[in-house]
*Asks:* 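The structure is given below, and queries will be raised subsequently.
Below, chains carry the letters A, B, ... as their sequence lines are ordered, and counting in each starts from 1.
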There are 2 protein chains.
Amino acid sequence: MEDSYKLKKVISIGTVSEITGLSVRQIRYYEERNLVEPDRTSKGTRKYSFSDIEQLMIIANQREEGVQTTEILRELRKQGSNQSVRNNMIRGQINAQFNKKN
Amino acid sequence: MEDSYKLKKVISIGTVSEITGLSVRQIRYYEERNLVEPDRTSKGTRKYSFSDIEQLMIIANQREEGVQTTEILRELRKQGSNQSVRNNMIRGQINAQFNKKN
DNA sequence: CGTGTAAGGAATTCTGACACG
DNA sequence: CGTGTAAGGAATTCTGACACG
């Protein structure tokens with residue numbers, strides 16, 4: 001009836017912190033490094049989707065292995081691990097990019 | 001990997017209010033009338049699932065038609081419109097109840 | 001580079017209650 | 001019965017910055 005539950009950005013940062021085990025500081029920092037892109041409410045509070053949370057858990061694992069954020073960013077883009085985006089929208093555009101760049 | 005996105009209670013009341021168009025007061029009142037049952041964080045703030053939101057939209061429609069909360073409660077229980085619960089857990093128990101009471 | 005923390009302010013949420021009806 | 005609102009307090013979130021490394 002609505003959108004995909006997985007993609008809807010409705011979860012605030014404190015809850016994301018609890019679920020992922022990351023500190024609020026870390027989550028904000030990963031945004032600064034363009035590893036996640038929450039929505040903002042009219043008053044500026046961040047809202048995340050379940051998909052974002054999964055992305056953050058991938059990031060957390062990479063960080064544990066000592067991978068730097070810049071490296072993680074590359075990998076995320078290369079592998080297209082953000083499957084939700086690929087599955088749900090602009091699939092054509094992304095495919096086009098794949099055909100071009102790879 | 002995790003649970004069903006639809007059932008996980010992670011959305012705070014302000015966001016639920018925006019999505020459903022109901023006032024925060026109304027949402028709390030429907031809880032008081034046992035029409036929804038959010039989780040509570042350790043510090044007492046309510047957390048709702050997408051399923052709860054759908055439930056609330058059903059309630060909103062009923063209320064617009066002038067149906068009283070007590071009546072809505074009966075209908076919800078009778079029709080088992082909370083499909084997510086039925087689909088995802090204690091299906092056996094609920095079936096048992098159906099066989100008993102109907 | 002990645003993350004902690006104290007700082008000050010703004011916005012959220014909570015409960016119990018009074019109001020109207 | 002269902003919902004608005006003012007009240008006071010507690011907890012959340014935000015940003016920019018300093019710290020360590």
Side-chain angles (χ1 to χ4, degrees), chain A residues 8-50 52-53 55-77 81, chain B residues 8-50 52-78 81:
Chain A
K8 200 148 196 179
K9 299 193 183 233
V10 294
I11 310 173
S12 48
I13 197 167
T15 305
V16 173
S17 171
E18 282 175 22
I19 295 174
T20 61
L22 293 166
S23 70
V24 164
R25 178 68 163 102
Q26 287 175 309
I27 297 167
R28 292 199 190 111
Y29 181 67
Y30 298 152
E31 177 184 2
E32 195 181 312
R33 308 300 280 147
N34 297 303
L35 300 182
V36 265
E37 189 164 16
D39 274 359
R40 295 284 184 138
T41 67
S42 51
K43 283 149 192 166
T45 76
R46 279 167 262 249
K47 293 297 178 189
Y48 299 82
S49 66
F50 283 111
D52 291 329
I53 288 178
Q55 181 91 248
L56 283 167
M57 296 183 96
I58 293 174
I59 294 165
N61 289 334
Q62 298 282 286
R63 285 292 305 129
E64 275 178 34
E65 292 169 29
V67 185
Q68 293 192 329
T69 56
T70 315
E71 196 49 47
I72 296 174
L73 182 58
R74 270 194 225 112
E75 288 176 27
L76 288 176
R77 288 193 169 146
S81 67
Chain B
K8 201 147 195 180
K9 299 193 183 235
V10 294
I11 310 172
S12 48
I13 197 167
T15 305
V16 173
S17 172
E18 281 176 23
I19 295 173
T20 62
L22 293 165
S23 70
V24 164
R25 178 67 163 103
Q26 287 175 309
I27 297 168
R28 292 199 190 112
Y29 181 67
Y30 298 151
E31 178 184 2
E32 195 182 312
R33 307 301 279 147
N34 297 304
L35 301 181
V36 265
E37 191 163 15
D39 274 359
R40 295 284 184 138
T41 67
S42 52
K43 283 152 193 165
T45 75
R46 278 167 264 248
K47 293 297 178 189
Y48 299 82
S49 66
F50 284 112
D52 291 330
I53 288 178
E54 291 182 4
Q55 181 92 247
L56 283 166
M57 296 183 98
I58 293 173
I59 294 166
N61 290 334
Q62 298 282 287
R63 285 292 306 130
E64 274 178 34
E65 294 170 28
V67 185
Q68 293 192 328
T69 55
T70 316
E71 196 51 47
I72 296 173
L73 181 58
R74 271 194 225 111
E75 288 176 26
L76 288 178
R77 288 191 171 148
K78 196 189 308 173
S81 68

*Asks:* Assess whether atom CD of B:Glu71 is packed by more than 12 heavy atoms of other residues, nucleotides or ligands within 6.0 Å.
*Replies:*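 Above 12, so yes.
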*Asks:* What nucleotide among C:dC14, D:dC14, C:dT3 has an atom nearest to a side-chain atom of B:Arg28?
*Replies:*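 The listed nucleotide nearest to B:Arg28's side chain is C:dC14.
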*Asks:* Answer yes when B:Lys78 and B:Glu75 have at least one side-chain N-carboxylate O distance shorter than 4.0 Å, and no when they do not.
*Replies:*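 Here B:Lys78 does not pair with B:Glu75 in a salt bridge, since their nearest N and O are not under 4.0 Å apart.
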*Asks:* At under 4.0 Å, does any side-chain N or O of B:Thr69 touch on OP1 or OP2 of D:dG2?
*Replies:*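 True: B:Thr69 side-chain N/O within range (under 4.0 Å) of D:dG2 OP1/OP2.
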*Asks:* Look at the side chain of A:Arg25 and the base of C:dT5, then say whether one donor and one acceptor between them are separated by less than 3.5 Å.
*Replies:*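 Such a pair is found, so the answer is yes.
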*Asks:* Would a 4.5 Å heavy-atom cut-off, applied to side chains only, mark B:Leu76 and B:Gln55 as touching?
*Replies:*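 Side-chain contact under 4.5 Å: yes.
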*Asks:* Taking the side chain of B:Arg33 as heavy atoms from C-beta outward, which of C:dC14, D:dT15, D:dG2 is closest to it?
*Replies:*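 Of the options given, the side chain of B:Arg33 lies nearest D:dG2.
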*Asks:* Please pick, from C:dT15, D:dG4, C:dG2, the nucleotide with the shortest atom-to-atom distance to any side-chain atom of A:Gln68.
*Replies:*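 Of all the options, the side chain of A:Gln68 is nearest to C:dG2.
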*Asks:* With the side chain of A:Ile13 defined as its heavy atoms from C-beta on, choose the nearest nucleotide among C:dG2, D:dT15, D:dT13.
*Replies:*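 Looking only at heavy atoms from C-beta outward on A:Ile13, the closest nucleotide is D:dT13.
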*Asks:* Tell me which nucleotide among D:dG2, C:dG2, D:dT13 gets nearest to the side chain of A:Arg63.
*Replies:*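 Of the options given, the side chain of A:Arg63 lies nearest C:dG2.
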*Asks:* Report the nucleotide, chosen from D:dT3, C:dT3, D:dC14, that has the shortest atom-to-atom distance to any side-chain atom of A:Tyr29.
*Replies:*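 Closest of the options to the side chain of A:Tyr29: C:dT3.
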*Asks:* Choosing from C:dC14, D:dT15, D:dT3, which nucleotide comes nearest the side chain of A:Arg40?
*Replies:*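 Shortest atom-to-atom distance from the side chain points to D:dT15.
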*Asks:* So which one's nearest nucleotide on DNA chain C is more toward 5', A:Lys43 or A:Thr70?
*Replies:*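 Nearest nucleotide further toward 5': that of A:Thr70.
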*Asks:* If we only count heavy atoms from C-beta on, is the A:Lys8 to A:Ser49 side-chain gap below 4.5 Å?
*Replies:*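 SC-SC contact between A:Lys8 and A:Ser49 ruled out.
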*Asks:* Side chain of A:Ser12 only, heavy atoms from C-beta on: which candidate in D:dT13, D:dC14, D:dT3 is closest?
*Replies:*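 So the side chain of A:Ser12 is nearest to D:dT13.
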